[in-house]
Structure formats: structure tokens, C-alpha cells
Amino acid sequence: MGTPLNVLEHVMVPEHHIMSEEEIKQLFSTYKITTEQLPKMYHDDPTAKMIKAKSGDIIRIIRISQTAGRAESYRHVIKRSKK
Amino acid sequence: MSVRKIIWADTYDEDGYPYPQGLMDLNLGVIDPGLRCKTCDQKASDCPGHFGHIELAKPVIHVGYTRMIRKLLRVTCRSCSRLLMGPEEIEKVIGTEEEGTEVVSEKDIKKEQVCPHCGVQQLKINFEKPTTFSEIWVEDGHKMEHKLTPADIRARLEKIPDDDLKHLGINPEVARPEWTILTVLPVPPVTMRPSIILENGQRSEDDLTHKLVDIIRINQRFKENQDAGAPQLIIEDLWELLQYHVTTYLDNEVAGCPPARHRSGRPLKTLSQRLKGKDGRFRGSLSGKRVNFSARTVISPDPYISVSEVGVPLAVANEMTLPIRVTQFNIEEARQFILNSPDRNTTGGPCGANYAIRPDNRRIRLSGANLETVAPMIEPGWTVERQLRNGDIVLFNRQPSLHRMSIMAHRIRVMDGKTFRLNPAVCPPYNADFDGDEMNLHVPQTEEAQAEARILLSVQENILSPRFGGPIIGGIHDHVSGIFMLTNGVKWFSRSQVLYILSHGNPDHLPEPGKVENDVPLWTSKQVFSLILPVELNMVFRASSCLNCDSCKKEGCERDAYVKIEDGILKCGTIDKKAIGAFDGQIVHRIIRQYGMKRASDFIDDLTRLAIRGIMLFGFSFGIDDEDLSRTEYGQIREVLDTAAMDVERRIRIFREGQLEPMPGRTLEETLEMQIMQVLGKARDRTGEIAGRHLGLNNSAVVMAVSGARGSMLNLTQMAGCIGQQSVRGERIMRGYDDRTLPHFRKGDLGSEAHGFIKNSYKSGLSPTEFFFHAIGGREGLVDTAVRTSQSGYLQRRMINALQDLKVAYDGTVRTTGGRIIQFRYGEDGTDPSKSSYGNPVDVKGIVESVLKEEC
């Protein structure tokens, strides 16, 4: 049924990357945080599925920002409960 | 937890002494002064109170947990009390061990099945509000019902194994489900249900005490009947009665249960009612409280005080105080406060003190009689409560406090009269007017609070709104009209006129006269305005009266809408809403960027005084004859409207003949409607143009519309020209009788008059049918505003509840109190909008203009 949709190619979907161990360490030390303090996203989020993120991964999102031009954000991938 | 078992329903004996083991037992704490608590041996003021208990004859259900009881009865076996699921089924719902955060819900259990553990057929559990549970089954085609007593239910709940409870989301180490069925009832301490003594010496008990009396009475009767071996029927009745009393004691507003009433018929205020709702413990006593050191009265305007000041009536200033802690450095000053009588009766008089507080916190009320004795007594360590005087900092607030500018700090100015006075230029942030508005005033009591108010909350720090990074304080109404009339075009003033305009400002000197005519020096109005501008200000912009022509004539603009300020001198252009108005105020904004908040607030003060003097010089009024047009205009307007009506008739005829071409995606009827609306809309605009041709800048309404002070050209059109089409939901008025709006028209009439077009103006007056249509259109507007305010108010409340604890951390991230990150950089660029220039961190245009001295 139809062609498969790659959400990452949609104009309104920002760039998503899985971060490496090294980058995560760097991120945690700059903000002095733990995994728990990061914003979350579900493992079955269409973008997470597209970049094959597993629960526990940390994702860097690069957005085009109205105010700053380019803005980075980070998400901790968690498993979605069934209900 | 309990210090005493309570068995007697009586409270006090004939001597007014509490019964032992009664509801007012001395072990539960004391409220009468003089007695001591039997538990903690403290006086009434110090004893916090202690709980007692009532042993219930039979268990009863706690109403707050009926949903949980229902769920547990439905998911567990009626015989072995285990969860009605096999291990595989549980795993299917909950998932594998490791995640284990899921819980089983009622929906996961199949109805009326056989228990997988003991094989007993399950029955349907019926729940009837408020607290009745029963089992239902069908036998020989008859419906059978069996009531479950609280004791039965408790027995079932007791048997549920700990492991099953975990799957249901209950931690058995913390709470067992059978605890939802009460066997003992806590009796709250007397301190939370004090009895009050009425004027006639009678005691009046608290609602909770009344309810507890009922419970004990029934409980006692129940026990006696039980011991006497009364028939089952009576026992059941008493049990139900006990259940009713315990239920209403906990919550007197349960569905399906008549509320317990006082003798007077008033429903009792029991436990749940104390907590719930706007005046309940949470919203009424914990989130919000009444405060001391506050005042409230009507506000009225005073354009001659500064925007950062507030006029306070002498009566208020005499009543409210500020604590002055006496030290060796200020002891003489403090003594003087005491010696100045507290009965200050002139606004200029020195402020006195109302109280002196000794180091042991005893207050001495100061009055004419004891001033001389108290004054020599004070020494470091005392506190003197001084009355308010000019220059004290206070917080000023108007509800609804929708944004942070709804509370700002002002300096006091003690004044005669009974109202708070404020400069009309600070009305926009408070959204205040003077049609009877009241405002609140709070006096910060500590030096820290006063400093914080001065630095963060003062009016001058809040000129720039964090909403859009522009000024929200500025000229309004008359300020804009006045400054517009003053600066529009070139007007020459004599020395005395110039001094009249400037008389409330404080200019050091007058500039060189613009010209000298017959030895009389004359100044232009633009020169007068330039006197209040900072000396080095350079800027170029277009006034609100600018029409956005395709090619700008700049200095040659015939409307004088091209504003150019060079080195603090207004070269050309008109000052109006765009330049100095609240929300727009380009000059105010530029002054803040280049000279700071203090200069801007001074500018606003100077400007409002100048503008008020300006409007007084010219005089400004509006009357019914300002809407008059000449005979030619009336003829033209009638002609325009007649042609439009004929045009509408013509289009209806084309439609009736079936010749109308439908627009894409529209039906024929819709096409016709759109065409008619368009024709009539255009006709209305044409009448406006005709009226506008006649009314020039000598008309006050035009001045207000063009300068942006108030109203628009549309308002003027409706007053002088034609009111135009009335609409409901953007369409012509169609409702009413069958195929017509009113019995005055023929059925199926599609003409302009029959569907709400008003040919008349407000000046000429409406015909009866027109008036009716106008009322219809007006009602829609009223309903819309009512709905909008309530909806946006609720939206705002929820937004604030969600966002209130977020703050920007020192590293620029937005975090919750738990340190969780919401934004990695505030607003993605880390800019404080109230320190920005309309959202941009740097005002590039302003910097270029101030260097080049021309438009960029």
C-alpha cells in the first residue's frame, strides 16, 4: 500500500542523530545532569524508529530556530508503556 | 495514634466541664483557657490536640475508597480471593519481569468466568452508590441478588495474597486493601472542631462534633441491640444507618446519598467539604491568604504626578506603617517619629508613629497622651512603627493579575482626597480605567523587600514588556491627541504660549526663536517638543498617520507623517501613537536603548505634561455637530447607497433568471450572497470616503483616529455616513420567520434591507427594522467577548499551573525544581525579551540611525 514514508525527509522534521558514548559524557558534564533530567521520547516515535534508536539511547535534535538560527536539543529514548 | 477511646456522645456536663471519654475529653486537647491538656499538660494556646478513637460495632466502608473496593471485588475470586488470572495471562498484560511497571486493570479480567485457581464460578458484582455492594446471578430464569455486608467484603479483601496485590498496583508493605473498611474511627482533636460560645452563653458545637455525636449514638444503640440478640432485620437497619453517618461524616456531598443537615436545614460541612473547592483548605487557606499591610480603594487620574509615583490618601498613610528598627545611628530620628503625633492632618505634615515595640515584643500604642513618656524610653533594640511618608516604596496591584506588570512598585505621594491617584500613562500595564476601578496597595516591611521592589518591580524597570520587547507604558488618549495637534504641521507660538505649554515641565532655557516677526520672537511647535528630547537623539520613522504610499515623499510628505529627529531636534513629522503611545512608542523605546530606563521614565513624565498642556491650549471636544456633513455629501451618500441597492436588485434578478455564474467551489446561493456582501461593503466604504472628504483635521474625531489616540475612520463612517451590513457569523442575517427575517418583508426577499443592511448613520438614526438588526449583530459581539474571556481565563490558569515552577538556571537552561531540563537554552537563543529590542538582542537599526543620522 503506497510508498514507505521517511518522516526524516519531511520539511518540518528536524535532524535526529544517535549520540555516541563520548558525546553523551560531554553532554552530561556540560549541563551537570544525569539521564533522568533529560527530556524523553518514546522508542516507537516515528523518528526514533527511522534512525533505529533503542530505549536508553540519547538523541541529538538539531532544529532551525526562529530566534537563534540553529538550536540543539537532546532526548532520552524510553520504552512506551502499553496503555 | 489514639490517646483515648471515646464512648459517650455527650460533650459537657451541667457545670460546663467536659465528660471523661466524651467527645470533648480533656485528653484530646483543650480549647477553654485555664484548663490544661491531660495528654501533654500544656495550655490551650500551646496544645496542638491529640486524636482519640471510636470502636465501631461492625465494620463500615470508607466512601473515599468505593471505587477501589469495587475493582478489587471484581478482579478477585469470591472464594479464594486470588487474582482471576493465570500466570501466563498476567505476563501477557504486565510484560516480562524486568520492566514490571505495568498494572492489571478491571478490563483485563473476563466477566463471570471460573476461577483459574480454585475453579469456583464467579458472580457479577453490582455496586450501588454510595456504598452498597451485591452479587447478582441468574437461577431458573430468575435474577437473584445477594447483598455483601462490609464484614463480608473485609473478609474477602483480607484474603488477597500480597503477590497479587503487587500486580494490581498496591504495595502491601505500605497499605492493605482491607484497611478501606473501617473498624475503628479516628476522632479528631477538639482543636480542629472548637465549640463556640454564643452571646447568650449557649455553646454551639462544630459540624464535625455534631456528626460524631450521631455516629456514637447509633454505634451505642447498635451494640446494645447486638448484645440483646435483636433480629437480623433490625441489625441490618442499624448497620446501614451507621454506614450513612460515617459516610456523611467523611463526605457530605456523595452522589446518591441525601446530605446530613443541621437543625436549621443547612447541610453540614464535614471533612471533605473542609478541603474541597475555592474556599477549602488548599485553595482558600494554603495557596491564598489575607494579608496585613495592604490597602484598597478607588483609583483616579492625576497627570501631574510621575508615572513612578502613586497618590495615597492621608487616611491610608496614617493607618499603614513601616517598622523602623532603632539603632544608635537612628535613635534621634526614631524619637522624633514618636514625638510627631500620630494624628497627622495635613499632607505636608511630618509622619508620626503608631506603635513602639519593646525588645520583649510588647506593643505600645502611641497616642497624644503618652508620646512624651515613651519617646525618652526607646533605645537600640526597640522598633518604631512609622507612618508612611512621601518617597516610601509600595507595591501597587490591579486584578486580574494577568502578567508581571500587574504588580509594580511606586513611590508614595501623600495626598488629600480618598482615592489612590495614578498617572494615566501607567493605565495600560494594569489595564485600568477610572470608571470605578479599585486597586490594592501593599507596603513591604523589610529593607530587603523594599530594595527588591525598587530594583525589580519599580515602574521604570517595567516599561519594556517581556511580551514583545517594546514599551507598554506611554501616552494614551489625550496625550496622543495633544501631542499630535501640537506637532502636526508648522504652528508658530509666542513666548507666552510656549511658556504656557511648558509650564509643568522643567526646561532650563528656551532655544533660539525659529523666526522673529515684527520684533516678536516666535517658536514652532516642533521646537517646543524638541525641548523634552535627549540632546543626541537621532531617529527616522513613519507616524501612524502614514498611508504607506508606494513612493515615500519623505520630508515632503503632505500629511507630515515622515518623522526625522536629528541631534534631539524634531526636524519634520508628527508625533503620535507610533512615536509615544503605549505598546508602540518608538521614541520611548529608542530612549530606553540609548539612555536607560530612568531617562525614559522622565521622558514619559515630561511628555504627558507637555501633551496635556498642548491639548489644553488648543481645546478639544466632540459633539453631535462634529458628525454633520454638508448637503452635497448627503446627496452623494444617498446616491451611492441607491446605486448599491439597485446593483443588489440587479444581481438578484440575474440569480432568479438562472444567469448567475457560480464561483468555483460555491453554490449559486453562496455566490450571490458573497456578491451582495461585497457590493454593500464597498458602498459603506464609499460613504466613509465621502464623509472623510468633508471632515478634516479640524474635526476632533478625525484627529483621534489619525493620531491613533482612540477610534478609527470606520467608527467615524458609521457615525456620519452609513452603519452598513449587520452580520451573524460573518453572514447576512437570515434567521427569523419562514423565508424572511421579519414580518415587514415579503417571503423570499433577498434585498439588502430585508437582511440587515443599515442605510442610516448613528447620527441620522435607525429605522425600527434597522434597529432590530443592529441589536442582533450587537448581541453576537457581546456573547463572543463573554465566551472568550472565560475560555482564555481558564486556559491561562492551566498554563500557569503547568509552568509556575520553571526557572532559568544560571547556565541558561530552563529547568524544573527537580533539575529536569525543559529547554537547553531559554527561548533557544537565551535572550530576555524584556531586555531585547522587539525580540532581537541588538537594535541594529537604532545604532545605524544614531551614527548616520538618517534612515537606513
Side-chain angles (χ1 to χ4, degrees), chain A residues 11-45 47-49 51 53-83, chain B residues 71 89-109 167-169 466-469 802-803 805-842 844:
Chain A
V11 277
M12 301 194 71
V13 177
E15 271 181 58
H16 286 63
H17 303 287
I18 300 176
M19 290 171 75
S20 67
E21 285 293 319
E22 198 67 11
E23 289 171 314
I24 293 171
K25 239 170 103 183
Q26 177 72 37
L27 173 75
F28 283 6
S29 72
T30 47
Y31 289 107
K32 301 197 182 88
I33 49 168
T34 60
T35 341
E36 299 310 303
Q37 288 167 309
L38 278 178
K40 298 175 181 70
M41 76 190 284
Y42 287 129
H43 75 286
D44 61 350
D45 186 287
T47 52
K49 281 197 279 191
I51 58 169
K54 297 176 302 300
S55 100
D57 283 349
I58 295 193
I59 290 177
R60 169 186 281 127
I61 301 172
I62 301 164
R63 293 204 184 91
I64 294 165
S65 158
Q66 264 196 10
T67 51
R70 186 193 124 106
E72 280 187 14
S73 178
Y74 309 90
R75 291 284 131 97
H76 177 216
V77 183
I78 57 159
K79 193 134 189 187
R80 185 208 284 274
S81 61
K82 293 215 183 76
K83 270 167 260 168
Chain B
K71 176 188 158 190
E89 269 183 289
I90 293 176
E91 191 163 312
K92 220 165 154 191
V93 177
I94 291 181
T96 41
E97 281 291 313
E98 41 178 296
E99 291 133 33
T101 48
E102 295 291 316
V103 287
V104 175
S105 79
E106 224 174 297
K107 286 178 199 135
D108 300 320
I109 307 276
H167 298 319
L168 290 163
R467 189 166 81 208
F468 51 89
L803 300 177
D805 292 324
L806 302 188
K807 69 168 192 181
V808 182
Y810 279 107
D811 62 357
T813 56
V814 179
R815 298 190 188 219
T816 63
T817 43
R820 286 182 43 210
I821 293 183
I822 303 296
Q823 277 184 0
F824 285 87
R825 202 149 161 66
Y826 173 71
E828 295 184 337
D829 62 350
T831 307
D832 175 358
S834 64
K835 297 273 186 291
S836 74
S837 164
Y838 292 100
N840 296 315
V842 183
V844 179

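Computed from a prediction, not measured in an experiment: that's the story for all the values here. We name chains A, B, ... by the order of the sequence lines, and we start the count at 1 in each one.
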Tell me whether A/Ser65 contacts the main-chain N or O of B/Glu828 through its side chain, where contact means a donor paired with an acceptor under 3.5 Å.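 Answer holds: no.
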
If you measure from CD1 on A/Ile33 to CD1 on B/Ile821, what distance do you get to the nearest 0.5 Å?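 Reported to 0.5 Å precision, the distance equals 4.0 Å.
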
Sequence neighbours left out, what passes side chain to side chain donor-acceptor pair (under 3.5 Å) with B/Arg815? Give chain and number order.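 Partners of B/Arg815 under the side chain to side chain donor-acceptor pair (under 3.5 Å) test: B/Asp811, B/Thr813.
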
Toward chain B: residues of residues 16-32 of chain A with heavy atoms under 4.5 Å: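 Within residues 16-32 of chain A, the residues under 4.5 Å from chain B are A/Tyr31, A/Lys32.
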
Could you tell me which non-hydrogen atom of A/Thr67 sits nearest to which non-hydrogen atom of B/Gly827, and how far apart they are?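 Answer, listing the atom of A/Thr67 first, then B/Gly827: OG1-O, 2.7 Å.
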
Measuring heavy-atom distances to chain B, does A/Ala68 have an atom under 4.5 Å in its side chain, in its backbone, in both, or in neither?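 Both parts, heavy atoms under 4.5 Å.
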
Do other residues, nucleotides or ligands put more than 12 heavy atoms under 6.0 Å from A/Ile64 CD1?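 12 or below, so no.
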
More than 12 heavy atoms of other residues, nucleotides or ligands under 6.0 Å from CZ of A/Arg60: yes or no?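 Count over threshold, so yes.
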
Specify which of B/Gly819, B/Gly830, B/Gly839 makes the most heavy-atom pairs with chain A at under 4.5 Å.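 Counting heavy-atom pairs under 4.5 Å, the top option is B/Gly819.
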
Top residue by heavy-atom pair count (under 4.5 Å) with chain B, among A/Glu72, A/Arg70, A/Arg63, A/Gln37?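 Highest number of pairs under 4.5 Å: A/Gln37.
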
